[in-house]
Amino acid sequence: MSVKIFSGSASKKLAKNVVKKYSDNKILNNISIKKFSDGEIKVHFGETVREKKIFIIQSTHPSSDNLIELFLMLDAAKRASARKICAVIPYFGYARQDRKDEPRVPISAKLMANLITASGADRVITIDLHVDQIQGFFDIPVDHLSSSYIFIPYLKNRFKTDDMIFASPDVGGSKRAIRYSNAFDTDLVLVHKERGKNGDIFKMKLIGDVEDKDVFFIDDIIDSAGTICKAANLVMDNGAKSVRALITHPILSGSAYDKINKSKLDELIVTDTIPIQHELSDKITILSTDELLAQAIKRIASGQSISRTIFGSM
Ligand code: R5P
């Protein structure tokens, strides 16, 4: 059964690179995505998908139109008799409301999972969900990949320092940072963050010693950049030698670029799950997820296991 790979509007560049990594002679398959004059989206597969294994690559940021596009592509594939339909969602948006933590709020992540499944997906590949348990919001298989397969080898090649220390900019993210401190056999420090009612960070406290250390923050999302810039300034004010952040999904909304440029952050290393305006900051390095996604697609298509060993040693 042949494999066809399509892309939504949000992930065109990444999808082209994934296809190149998938195989030398493979090209992105043909889908047209247009808009009616009122803004409604119209999708049309430009080639047959009947009895094919199809992979649709679409990050859901910016969220609304890209989500609707994804739903429509999945529905079109289902109605065109595709055999297997995998939604490849490098960045899964609407993940931050993952529980009912106050009265009268939705569980947005669960709703999005329901809508993706109802639209026709029978499998999801994604990278660094905001919290691991979102996997369980889907009643279909989810291959949850980790950007640490990209970041850890990159760090090992580039930084050879005895003063390395990993950090999480909030206590909830400590599990992610522990993976790195274990891989490098280093210490871990935490920042305790409290947000006010309107989402502003009003308190940050450093837990641990960063004096004369090269600090590497690990996080899944950088949105307004408030968290990471404040945390970077905090560790530098506490005697760190340098501070970098490795963050999977660069949302970078509002004045994020300006904040990064003005902060004490030496470098922000992100992936390409979301396209960014790279020219707005020379502190940003982008690493591609193309190989990781291509390998995952290949293995799923041929029924092989996706385990941590396939992506090489960390
Ligand atoms: C928090 O739980 C996340 O891991 C990020 O730290 C947070 O979403 C980043 O948001 P911002 O860049 O707007 O401070």
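Just follow the structure's listing: the first ligand is 1, and inside any ligand the first atom is 1.
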Counting only pairs under 3.5 Å, give me each side-chain donor-acceptor contact of residues 34-44, with atom names and distances, residues two or more places apart or in other chains.
| unit_1 | atom_1 | unit_2 | atom_2 | d |
| --- | --- | --- | --- | --- |
| K35 | NZ | D65 | OD2 | 2.6 |
| D38 | OD1 | E40 | N | 3.0 |

*Specify side chain, backbone, both or neither for D170, according to which of its non-hydrogen atoms lie closer than 4.0 Å to ligand 1.*
side chain
*Taking only heavy atoms of D219, which atoms of ligand 1 are found under 4.0 Å from at least one of them?*
3 (C), 4 (O), 5 (C), 6 (O)
*asked:* Looking at K20 and D290, is there a salt bridge between them, counting it only when a charged N and a carboxylate O are closer than 4.0 Å?
replied: no
*Check whether any heavy atom of K230 sits under 4.0 Å from an atom of ligand 1.*
no
*Verify whether one side chain among S181 and D187 offers a donor that lies under 3.5 Å from an acceptor in the other.*
no
*Would you kindly specify which portion of S224 sits under 4.0 Å from ligand 1, judged on non-hydrogen atoms: side chain, backbone, both or neither?*
both
*Does G172 reach ligand 1, in the sense of a heavy atom lying below 4.0 Å from it?*
no
*Exam field: side chain K193 to backbone P169, donor-acceptor pair closer than 3.5 Å*: no
*Could you tell me how the ring of Y180 sits relative to the ring of F151: parallel (under 30°), tilted (30 to 60°) or perpendicular (over 60°)?*
tilted
Extract all donor-acceptor atom pairs below 3.5 Å that involve side chains of residues 94-104 and protein atoms in other chains or at least two apart in sequence.
| unit_1 | atom_1 | unit_2 | atom_2 | d |
| --- | --- | --- | --- | --- |
| R96 | NH1 | D223 | OD2 | 2.8 |
| R96 | NH2 | D223 | OD2 | 3.4 |
| Q97 | OE1 | S108 | OG | 3.1 |

_Applying a heavy-atom cut-off of 4.0 Å, say which part of D220 lies close to ligand 1: side chain, backbone, both or neither._
side chain
*asked:* Please tell me whether N17 and K21 have a donor and an acceptor in their side chains that are separated by less than 3.5 angstrom.
replied: no
_Atoms of ligand 1, numbered as shown, that sit under 4.0 Å from any heavy atom of H130_ = 1 (C), 2 (O), 3 (C), 4 (O)
*May I ask you to identify, for K193, whether its side chain, its backbone, both or neither come under 4.0 Å of ligand 1 on a heavy-atom basis?*
side chain
*At a non-hydrogen distance cut-off of under 4.0 Å, which region of T227 contacts ligand 1 (side chain, backbone, both, or neither)?*
both
*Hey, does P169 come in under 3.5 Å of ligand 1, counting only N/O atoms on both sides?*
no
